[in-house]
Amino acid sequence: MVKAHESEPDELIRLSEQVEKRINAMKIVKKSALKLTNEKDWVNQNGKPYLQSSGAEKIARQFSISWRFVGEPRKEVFPDGHFQYIVTMEFMLGNSTIEVMGIRSSKDPFFSTRYKEGNKIELPSTEIDSGDVLKSAISNAITNGVTRILGLREIEWDDLKQAGIDISRIQKIEYKTQPQQKKQEQPQQKHEQKQGTGQLL
Amino acid sequence: MKEIIEQKINEYINSRRKVIPCNSNRASMLGHPCLRHIVYWRTQWENALLPEVDLQYIFEEGREQEQAVLRLLQNAGIQVIEQQRSFEWKEYQITGQIDAKILLDNKAIPLEIKSMSPYNFNSIESFEDIKKSKKYYIQGYVTQMQVYLLLTNSEIGLLALKNKSSGKIKFIECELDYEFAESIIKKAETINEHIKNLTLPDRIEPDDEVCGTCPFRHICLPERKAEGQFEISEGEELYDKLLRWYELKPIVNEYNELDDEIKKFSEGKNIIIKDFHITGKWITKIIPPQPEKEIKYWQKKIIKL
């Protein structure tokens, strides 16, 4: 009884020390990973910093992260002819392995919207290169995989500034939203567009 | 205002991106280290990813530089003939398009023009340097030149290298190497067999440089195999050494810079300045030619977080 009573606080101390070490390790990893990137590896998407696959690949090299594809990429075609690719990949770091998906849709404004002389042009699905969408789904999976396995989520502008990155030189991507009334008229489109931009991660 | 101009230029460059149908073993691709990549070009060229905009800028610049070199040659009184002439070797499905031929002593010499960064330009002095280049696309110039020599029945060709920064040009003589040429033909035969049998060569060992920019990476789906493993060390002794190293680094740099400046100023002189006396002597050493050897070393990089 006495032994058990004594061992409990010891166990708590050991656990709290482990947690502290883990938190410190994650802070160090985050600092180091961000230092490996530069302004071109990030985009300012609707006011938030998002790592591009170029940055994720640099980080992967320095942190000895491996990856492989799980099965073939899946293409899903919607009734309106638009399509999305779903890619599943496995990421390995030391003894840790995680499975991550990357998704990109041809409806994403990055592929489907162009502006000519101030006018918005919606490209039909047939005008969108499926290879580009697939490549982006893979990039999406790589960025997700690398950031997740290293615990690099929720990066703030201050984190980038502290890593010496000039955030004013980061490219801005802003998707112009439609007027509220139009959004209500097309709830399905609104949902899909939101999903598309979120997938840019 | 500048954004509008830059956007227009980017749009133009973007519109120039294209994939050209590929129905033969092009001289420019036969040197690629991945056989699977070449087979993809032959069988699935329509699925190739368009070059990134940054890469398209490089292609455009390359074309401009090529024209500039040809103009310079002509202005210098050198006769340039057969510009962009195509050749074909049906038996092996090999094709090539030489940049030009130049007439020297009544001989038409095949010419290939490559513009490159100052670093790459300075690292190449001979055809051997190209063969030994660490960059696979520079090594590919060897195959490209050998194919041109084969296709044009020439014993010798010229590679014109242009430094993109200084504008300087150097010429590298390339002789037909029969053994190497034989290996290219065998490679073409292997590719043609794969195409005939609808098979794909195995993937190469994952290579970030080769696979990372491959226009078929979304089809090939290469793995990435990391070497080693990173660790978070708590070694106090190493940390103390790093702190001291970081503290001394700027002083060492300053010392080296000053040492160089003093050396330049005082070379061959005997000077007394206030409480310093700078003297020296010339030392002559005969260094015997060293046999070529491969050395392996660890290049460390320390980043202060």
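Every chain is numbered from 1, with letters handed out A, B, ... down the list of sequences. FYI, side chains are in, hydrogens and waters are out, and symmetry mates aren't considered; it's all heavy atoms of this structure.
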>> Using modelled atom types and a 3.5 Å cut-off, is there a donor and acceptor pairing between side-chain atoms of K135(A) and backbone atoms of P215(B)?
In response: no
> In Å and rounded to the nearest 0.5 Å, what is the OG to NZ distance from S64(A) to K225(B)?
Replying inline: 14.5 Å
>> Looking at M29(B), I'd like to know if its CE atom is crowded, meaning that more than 12 non-hydrogen atoms belonging to other residues, nucleotides or ligands lie closer than 6.0 Å.
In response: yes
> Tell me, do L134(A) and L49(B) make a side-chain contact under 4.5 Å, heavy atoms counted?
Replying inline: no
>> Can you confirm whether E57(A) sits close enough to D208(B) that some side-chain heavy atom of one is under 4.5 Å from a side-chain heavy atom of the other?
In response: no
> Within a radius of less than 6.0 Å around CD of E46(B), do more than 12 heavy atoms belonging to other residues, nucleotides or ligands occur?
Replying inline: yes
> If you measure from CG on L305(B) to CD on Q162(A), what distance do you get to the nearest 0.5 Å?
Replying inline: 12.0 Å
> Run the side chain to side chain contact (heavy atoms under 4.5 Å, CB included) check on N24(A) and I232(B) step by step: do they pass?
Replying inline: CA-CA 10 Å; N24(A) 278 336; I232(B) 293 178; over 6 Å; no
> Is it the backbone or the side chain of Q44(B) that comes under 4.5 Å from a heavy atom of chain A, or both, or neither?
Replying inline: neither
>> Between L221(B) and V87(A), is there a side-chain heavy-atom distance shorter than 4.5 Å?
In response: no
> For chain B, which of I65(A), I138(A), D132(A), I28(A) has the most heavy-atom pairs under 4.5 Å?
Replying inline: I65(A)
>> So for Q229(B), is it side chain, backbone, both, or neither that comes closer than 4.5 Å to the heavy atoms of chain A?
In response: both
>> Surrounding CG of D202(B) (heavy atoms of other residues, nucleotides or ligands, distance under 6.0 Å), is the total greater than 12?
In response: no
>> Tell me whether the count of non-hydrogen atoms from other residues, nucleotides or ligands lying under 6.0 Å of CD in Q84(B) goes above 12.
In response: yes
> Using non-hydrogen atoms only, which part of E231(B) is less than 4.5 Å away from chain A: side chain, backbone, both, or neither?
Replying inline: neither
>> With a sphere of 6.0 Å drawn around CD of E234(B), does it hold more than 12 non-hydrogen atoms of other residues, nucleotides or ligands?
In response: no
>> If you count heavy atoms of other groups shown closer than 6.0 angstrom to NZ of K241(B), is the number above 12?
In response: no
>> Which atoms of K31(A) are under 4.5 Å from chain B, going by heavy atoms: the side chain, the backbone, both sets, or neither?
In response: both
> Is any side-chain heavy atom of L36(A) closer than 4.5 Å to a side-chain heavy atom of I303(B)?
Replying inline: yes
> Does the side chain of K35(A) come within less than 4.5 Å of K304(B)'s, by heavy atoms?
Replying inline: no
>> Counting neighbours of OH on Y246(B) that are heavy atoms of other residues, nucleotides or ligands and sit closer than 6.0 Å, is the number greater than 12?
In response: no
> So what's closer than 4.5 Å to chain B heavy atoms on F69(A): side chain, backbone, both or neither?
Replying inline: side chain
>> Heavy-atom count check: over 12 atoms from other residues, nucleotides or ligands less than 6.0 Å from Y239(B) OH?
In response: no
> Where does L93(A) contact chain B at under 4.5 Å (heavy atoms): side chain, backbone, both or neither?
Replying inline: side chain
